[in-house]
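Heads up: the structure comes next, in structure tokens.
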Amino acid sequence: MMAEHADDLPLSPQTLLVHAGTRRSGFDETSEALYLTSGFVYGTAEEAEHAFANEGVRFVYSRFRNPTVAMFEDRLATYEGYERCFATASGMAAVHGAVMGLLKAGDRIVASRALFGSCLYVVNDIAPRFGVETVLVDGTKPEEWEAALSKPATLVFLETPSNPCLDLVDLEHVTALAHKAGALVVVDNVFGTPVLQKPKRFGVDVVVYSATKHIDGQGRCLGGAILCNNEVAAKLSPYLRHTGPTISPFNAWVLLKGMETLELRVRAQTASALAVAQALEAHPAVARVLYPGLPSHPQHELAQRQMLAGSTLVCFDVKAPEGQGKAAAFAVENALKVITISNNLGDSKSLITHPATTTHQRLTDAERATLGISPATLRLSVGLEDPADLVADLRQALDALGR
Ligand SMILES: *Cc1c(COP(=O)(O)O)cnc(C)c1O
């Protein structure tokens with residue numbers, strides 16, 4: 001719900017991030033109010049009866065809806081152009097709710113293999129326990145999607161760009177194939193961010209977020225979101241209401257305020273990430289840089305078609321003699337002074353991680369190799385520091401390798 005005076009003005013996305021969804025209380029506050037309440041009271045028994053007979057007419061219980069959470073949901077849905085948003089306690093609650101809420105025994109999921117570890121667990125371990133068939137494909141290969149979707153399917157699940165190697169999936173092509181096979185398409189848009197990639201434009205049915213990442217953007221709290229149209233929402237709503245992945249009003253309030261600066265932060269971080277990627281590519285101690293905004297990225301043409309800019313993440317391999325990739329990558333991490341070691345991402349602080357020993361530790365060497373992760377691979381999440389300081393920090397750490 002927009003401020004009343006703005007109803008008939010077409011507003012730009014940045015303005016929506018500041019105003020959309022605002023519901024003022026009777027106290028006329030400027031900043032969105034935080035409603036830390038689990039329940040709501042009724043003036044009469046008849047009012048309570050009416051509220052339970054007519055879902056959505058008012059707030060009845062914060063597991064279902066809460067005014068602060070509703071402001072966050074409406075702001076994100078308006079920005080993304082979807083009819084509905086369900087906020088959740090974490091990104092994984094969003095992924096689990098969207099996937100399990102839409103499936104039943106006998107259904108078939110086709111998913112890209114390059115997924116965030118916990119997402120892979122949901123589609124490849126949990127779903128099959130309930131009689132769902134899961135087929136994994138190399139998301140970068142159109143022919144693998146074509147083969148897997150030549151048979152009917154219920155759901156397609158994918159992540160683009162992927163973690164950590166920033167592989168892309170062609171959203172337009174896969175969505176067309178999925179719809180022909182009768183499947184709904186669910187996209188984990190965390191690495192794309194709401195700013196740089198708009199899955200709705202390619203016909204994607206459901207978008208899921210870890211709001212823990214760029215939407216908060218300041219490393220403070222967990223949160224997630226599911227975006228979809230009313231038809232899909234009608235299927236998901238009972239599952240979500242009765243299983244309770246609900247976000248706390250406090251976290252929703254933090255995310256709501258985070259959205260006001262989302263575009264400014266992501267644009268600045270993406271510009272810095274490009275500068276960092278270029279500097280890394282020019283450094284003699286770097287063997288490979290993967291960044292969708294660089295012409296050297298194997299899918300740069302696709303990145304230009306479906307993303308507004310590269311990403312806030314950069315993936316690179318340190319140059320090292322055979323068998324010394326891990327030692328070289330660790331030496332670079334340990335020599336950094338501004339960039340800190342953390343497996344989180346999308347923060348205002350630049351964070352670096354060694355996927356092979358952290359986020360992807362549980363995979364075998366062969367599985368890591370399939371995903372493009374070598375012992376020398378590092379994933380950098382670029383923050384809001386001055387990019388010149390980040391480049392200088394990486395340079396001194398990489399220069400020290402040769403000594
Ligand atoms: C972090 C992340 C998730 C999970 O989100 P949480 O908020 O940690 O539960 C899912 N997908 C991707 C791509 C992520 O980066």
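Both ligands and their constituent atoms are indexed starting at 1 by order of listing. In what follows, residues are counted from 1 in the order of the sequence shown.
- Between the side chain of E83 and the backbone N or O of A233 there is no donor-acceptor pair closer than 3.5 Å.
- Taking every non-hydrogen atom of S90 and a distance limit under 4.0 Å, the qualifying atoms of ligand 1 come out as 7 (O), 9 (O).
- Annotation for L102 and L155: closest pair CD1-CD1, 4.0 Å, computed over non-hydrogen atoms.
- In terms of protein heavy-atom proximity, atom 4 (C) of ligand 1 is closest to F116 CE2, 3.5 Å.
- The two residues L166 and P292 come nearest to each other via the heavy atoms CD1-CD, 3.9 Å.
- Looking from atom 2 (C) of ligand 1 to the surrounding protein, the closest heavy atom is K213 NZ, 2.5 Å.
- Annotation: atom 9 (O) of ligand 1 to nearest protein heavy atom, M92 N, 2.8 Å.
- Ring planes of Y239 and H96: tilted class, angle from 30 to 60°.
- Ranking protein heavy atoms by distance to atom 11 (N) of ligand 1, first place goes to D188 OD2, 2.6 Å.
- Between the side chain of H360 and the backbone N or O of F116 there is no donor-acceptor pair closer than 3.5 Å.
- Set against the non-hydrogen atoms of S210, the atoms of ligand 1 under 4.0 Å away are 1 (C), 2 (C), 3 (C), 4 (C), 5 (O), 6 (P), 7 (O).
- Ligand 1 lies nowhere less than 4.0 angstrom from a heavy atom belonging to N163.
- Under a cutoff of 6.0 Å and an axis angle of 45°, K104 and F130 do not form a cation-pi pair.
- Checked by distance only, ligand 1 and L345 stay at 3.5 Å or farther apart across all their nitrogen or oxygen atoms.
- F59 pairs in a ring pair (Phe, Tyr, Trp, His ring centres under 6.0 Å) with only one of the listed residues (Y42, F40, F64), which is F40.
- Looking only at protein heavy atoms, the nearest one to atom 6 (P) of ligand 1 is G91 N, 3.3 Å.
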